[in-house]
Enquirer: 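Please see the structure below; I have some questions.
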Amino acid sequence: MAAPLLEVKNLTVRYSPKLHAPLNAVEDVSFAIAPGEFVGLIGESGSGKSTLANAILRLTERPGKIAAGQILFDGLDITTMSQDALRPYRWRDISTVFQSSMNALNPVTHVEDQFRDAIELHSKLRGDQVVDRIKELFDLVMIDHRFITAYPHELSGGMKQRVNLALALANDPKFVLLDEPTTGLDVVVQRSILENVRRLQREQGFAVLFISHDIGTVLDMSDRILIMYAGRIVEEHDTRDLLRDPLHPYSKGLLGSYADPRAETVRITYVPGRPPDLSREHQGCLFAPRCPEKIERCLTVEPQPLAIAASDGATGAGQATEAIDTGRPRVACHVAHLQREAPDTPGLPAPTKRFLGPEFVKSVDETAAAVTNEVFLEVKDVYKTFRTRRGFRVESNEVITGVSFELRRGMVTALVGQSGSGKSTIARMITGVDRPTSGEIVFHSKGGPLNVGRLGVGQLTRYRKFVQMVFQDPYSSLNPNKTLHYILSRPLKNHRRMSGEALRKEIDNLLERVALTPPGRYRGRYGYELSGGQRQRVVIARALAAEPELIIADEPISSLDVSIRAEILELLHRLVQDSDVGILYITHDLLSARMLADEVIVLNDGRIVERGEALDVIRDPEDEYTRRLLEAIPNPFADMPA
């Protein structure tokens with residue numbers, strides 16, 4: 001094995017806030033990355049991924065600090081170096097692409113000047129030489145040279161992220177850390193950027209640590225995988241071996257939450273419960289409360305990440321963490337070790353490659369039943385043109401062109417397309433926020449048909465009882481100053497005129513419908529006290545409070561962890577099965593559309609280019625644009641034997 005480029009030894013990062021108990025967000029973490037290696041780091045939100053990344057970059061801020069351990073980069077112990085001593089290494093030997101492309105660039109400075117700062121500090125290039133180097137970098141990431149002198153706000157989200165990548169590569173670094181570099185980008189742009197990263201990494205030979213909760217993308221790109229849970233590395237494995245033989249139950253849960261969109265029956269598992277509160281003392285394995293394979297020992301003794309015997313006996317079991325070897329699988333699980341070393345142990349579960357927890361199943365038979373349901377909303381030949389005044393000129397931009405489709409009760413219709421294809425504009429017209437330039441949107445209520453585009457203010461208020469939204473970001477969808485009782489009471493009072501004991505009982509009923517039980521534990525909480533998945537459940541409960549006939553779910557899972565996504569999809573699926581509510585599911589991801597939807601409508605440039613039952617569209621797409629969306633879905637299992 002080559003000498004490691006980056007070696008993390010027994011690293012602990014502690015946060016000590018003044019008003020709360022201290023916690024170890026990263027504890028006793030050890031791993032190594034060899035030169036030219038592409039390593040993925042995955043885990044749920046709160047598992048410590050970004051804290052670990054900041055520690056490697058020495059960007060940990062108070063109240064956090066590196067409490068123990070070492071970070072060796074190219075033989076240097078950077079944990080003992082001052083910020084001044086580190087400055088020559090940053091952007092030259094070690095660089096990063098941060099999560100938010102929107103915030104990573106200085107908004108008041110030309111792109112060229114931001115490159116000059118990084119290049120002139122670490123090289124002898126000056127003047128036109130710097131411009132030539134910037135042009136080379138723009139060619140690498142496939143951006144037109146005319147954007148060199150642009151401001152960041154003049155670039156699309158995908159272009160900003162490409163600029164960030166080019167900036168990270170400006171001085172030919174040895175190591176690049178990617179911290180959720182494509183979050184918020186649609187699948188086609190994401191695929192393009194990551195393929196570019198992989199190509200450049202192979203050509204230039206730099207090492208990569210790729211951090212994300214998007215397991216499919218990480219598995220598709222990485223040579224080796226680190227899986228993190230509650231501040232610990234619980235499994236370290238070669239990617240292909242992990243896909244073939246996952247060791248830790250948490251790893252099995254993450255892998256099980258990824259499905260083959262072409263299967264007749266979609267079957268995904270998810271990990272129930274939530275990660276532990278690290279500010280409290282714990283005994284035994286931190287994953288034990290959520291683990292279906294735990295044994296008595298798991299409750300009392302914390303497992304250590306030890307090398308494990310391969311299934312063919314090629315490696316020995318029980319090797320200590322000090323011998324960090326990037327070629328050997330390690331796992332922190334008593335059960336996994338016993339299954340290899342002592343399979344006859346009484347009470348030991350049999351080895352399995354699949355998580356034994358709850359499943360979400362979506363079959364073709366359900367779709368066949370749904371397509372016969374009653375039509376309750378019609379979009380008829382709708383056009384939408386936005387007009388912008390520029391001085392004395394008025395510019396017109398047609399964003400929706402002749403769109404027609406129907407929605408049925410008890411059925412999920414997915415509206416799929418890239419960012420800018422017009423999906424959210426259609427949602428705004430259906431809710432009455434925007435009016436069509438021409439065409440009609442007709443809602444067939446029990447009192448008769450309503451032309452949504454012609455409703456007055458009072459009529460719109462009544463109409464919105466029947467049509468409710470679930471927004472993309474659960475963090476900004478809830479008022480942080482109000483309790484869940486107040487948030488859920490508003491639609492009950494406004495649309496159903498409820499009060500007193502009846503109001504409280506209905507709030508409890510709503511919380512139970514979205515599996516926030518017991519309700520008394522949640523009524524008095526604020527949004528910031530909940531996890532992302534719990535917040536999205538509250539948003540869904542708020543939408544249900546008005547007893548709507550249509551729920552428009554606009555990218556409701558894109559900002560959630562992969563396991564939580566499965567929970568939310570199951571919740572929406574169950575709501576449709578248990579009532580006559582229809583769902584318009586807006587997404588750029590055909591994989592999640594296949595998991596939830598009965599029918600898929602593909603939108604490109606404001607036009608419908610394909611429409612049909614979800615499985616038919618995914619198995620046999622007719623339009624080239626649909627094929628591009630399908631090709632952008634990461635499929636790490638593609639080359640694996642059935």
Side-chain angles (χ1 to χ4, degrees), residues 101 139-144 155-163 165 181-200 210 212 214-221 258-263 266 398-403 405 412-427 472 554-555 557-558 562 565 584-639:
S101 62
D139 288 339
L140 281 175
V141 297
M142 295 179 288
I143 298 180
D144 195 290
L155 309 178
S156 69
M159 290 173 66
K160 287 181 189 178
Q161 202 62 299
R162 289 172 190 264
V163 167
L165 174 60
T182 58
T183 298
L185 302 179
D186 66 54
V187 287
V188 174
V189 175
Q190 171 182 284
R191 186 74 179 183
S192 174
I193 289 174
L194 291 178
E195 285 181 346
N196 213 5
V197 171
R198 196 59 161 129
R199 174 181 62 82
L200 295 172
F210 178 25
S212 179
D214 184 349
I215 186 170
T217 300
V218 177
L219 289 169
D220 204 33
M221 301 294 295
Y258 199 87
D260 180 359
R262 293 170 180 81
V266 171
E398 190 173 76
V399 295
I400 301 296
T401 307
V403 166
F405 61 89
V412 181
T413 299
L415 191 59
V416 181
Q418 286 179 261
S419 298
S421 60
K423 305 186 301 296
S424 293
T425 300
I426 289 176
Q472 177 174 354
D554 190 359
E555 300 277 12
I557 64 170
S558 64
V562 63
R565 290 181 186 187
L584 179 62
Y585 177 65
I586 296 175
T587 183
H588 58 248
D589 179 12
L590 272 169
L591 176 58
S592 66
R594 170 66 189 101
M595 290 180 185
L596 180 65
D598 303 298
E599 181 185 41
V600 167
I601 298 172
V602 182
L603 197 68
N604 182 27
D605 248 350
R607 295 175 171 85
I608 292 177
V609 296
E610 189 151 358
R611 178 181 179 181
E613 291 186 20
L615 183 57
D616 293 340
V617 170
I618 287 172
R619 276 188 172 174
D620 189 22
E622 296 180 358
D623 190 81
E624 177 61 29
Y625 177 73
T626 311
R627 286 193 284 271
R628 282 192 6 235
L629 290 178
L630 282 168
E631 289 166 0
I633 299 174
N635 189 5
F637 299 94
D639 299 327

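Positions are given from 1, in the same order as the sequence printed here.
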Enquirer: Listed by chain and number, what are the side-chain contact (heavy atoms from CB on, under 4.5 Å) partners of Asp620, not counting sequence neighbours?
Expert: none

Enquirer: Working note: His588 + Val416, criterion side-chain contact (heavy atoms from CB on, under 4.5 Å); need CA distance, chi angles, decisive distance, verdict.
Expert: CA-CA 5 Å; His588 58 248; Val416 181; 5.8 Å; no

Enquirer: Taking atom CZ of Arg162 and atom CG of Asn196, what is their separation to the nearest 0.5 Å?
Expert: 6.0 Å

Enquirer: Mind listing the closest non-hydrogen atom pair of Ala597 and Ala614 along with its distance?
Expert: O-CB, 3.5 Å

Enquirer: Rounded to the nearest 0.5 Å, what separation is found between the CG atom of Asp623 and the CG atom of Asn604?
Expert: 7.0 Å

Enquirer: If only side-chain N and O atoms count, and only distance matters, is there a donor-acceptor pair under 3.5 Å linking Ser421 with Arg607?
Expert: no

Enquirer: Side-chain contact test, heavy atoms from C-beta onward, threshold under 4.5 Å: evaluate it for Leu590 versus Ile633 and give yes or no.
Expert: yes

Enquirer: Just by modelled atom types, is the Pro621 backbone N or O under 3.5 Å from a matching donor or acceptor in the Arg627 side chain?
Expert: yes

Enquirer: So how far is it from Glu555 CD to Ser419 OG, rounded to the nearest 0.5 Å?
Expert: 7.0 Å

Enquirer: Above 12 or not: heavy atoms from other molecules or residues under 6.0 Å from CD of Glu398?
Expert: yes

Enquirer: Evaluate the side-chain hydrogen bond (donor to acceptor under 3.5 Å, both in side chains) criterion for residues Thr217 and Arg191: first the C-alpha distance (whole Å), next the side-chain angles of each, then the deciding distance (0.1 Å), finally the verdict.
Expert: CA-CA 9 Å; Thr217 300; Arg191 186 74 179 183; over 6 Å; no

Enquirer: Quick one: list whatever passes salt bridge (charged side-chain N to carboxylate O under 4.0 Å, His left out) with Asp589, sequence neighbours left out.
Expert: none

Enquirer: So do the side chains of Leu415 and Tyr585 get within less than 4.5 Å of each other, counting heavy atoms only?
Expert: no

Enquirer: Check whether any side-chain N or O of Lys423 sits under 3.5 Å from a backbone N or O of Gly606 as a donor-acceptor pair, and report yes or no.
Expert: no

Enquirer: Compare every heavy atom of Pro636 with every heavy atom of Leu219, then report the nearest pair and how far apart it is.
Expert: CB-CB, 3.5 Å

Enquirer: If you measure from NZ on Lys160 to CD1 on Ile143, what distance do you get to the nearest 0.5 Å?
Expert: 12.0 Å

Enquirer: For the atom pair OG1 (Thr587) and CG (Leu596), what is the distance rounded to the nearest 0.5 Å?
Expert: 10.0 Å

Enquirer: Decide side-chain contact (heavy atoms from CB on, under 4.5 Å) for Leu603 and Tyr625; before the verdict, give the C-alpha distance in whole Å, the side-chain angles of both, and the deciding distance to 0.1 Å.
Expert: CA-CA 9 Å; Leu603 197 68; Tyr625 177 73; over 6 Å; no

Enquirer: Go through the steps for Leu165 and Val197 under the test side-chain contact (heavy atoms from CB on, under 4.5 Å), then give the verdict.
Expert: CA-CA 8 Å; Leu165 174 60; Val197 171; 3.4 Å; yes

Enquirer: Is there a donor-acceptor pair closer than 3.5 Å between any side-chain N or O of Arg199 and the backbone N or O of Leu140?
Expert: yes

Enquirer: Measure across Leu629 and Gly417 and return the closest heavy-atom pair with its distance rounded to 0.1 Å.
Expert: CD1-CA, 4.5 Å

Enquirer: Taking Glu610 for its side chain and Glu622 for its backbone only, find out whether a donor-acceptor pair lies under 3.5 Å.
Expert: yes

Enquirer: Ser212 and Val218: which non-hydrogen atoms are nearest, and at how many Å?
Expert: CB-CG2, 3.6 Å

Enquirer: With distance as the sole test, does Glu599 use its side chain to make a donor-acceptor pair with the main-chain N or O of Val412 at under 3.5 Å?
Expert: no

Enquirer: Should Val617 and Leu630 be marked as a side-chain contact (heavy atoms from CB on, under 4.5 Å) after you check the CA-CA gap, both sets of side-chain angles, and the distance that decides it?
Expert: CA-CA 10 Å; Val617 170; Leu630 282 168; over 6 Å; no

Enquirer: Check whether any side-chain heavy atom of Glu613 lies under 4.5 Å from a side-chain heavy atom of Asp598, and answer yes or no.
Expert: no

Enquirer: Could you walk me through whether Asp554 and Ser424 pass the side-chain hydrogen bond (donor to acceptor under 3.5 Å, both in side chains) check?
Expert: CA-CA 7 Å; Asp554 190 359; Ser424 293; 3.3 Å; yes

Enquirer: Treating Arg611 as the side-chain partner and Ile601 as the backbone partner, does any N or O pair qualify as donor plus acceptor under 3.5 Å?
Expert: no

Enquirer: Kindly compute the distance separating CD (Glu195) from CE (Met221), expressed to the nearest 0.5 Å.
Expert: 7.0 Å

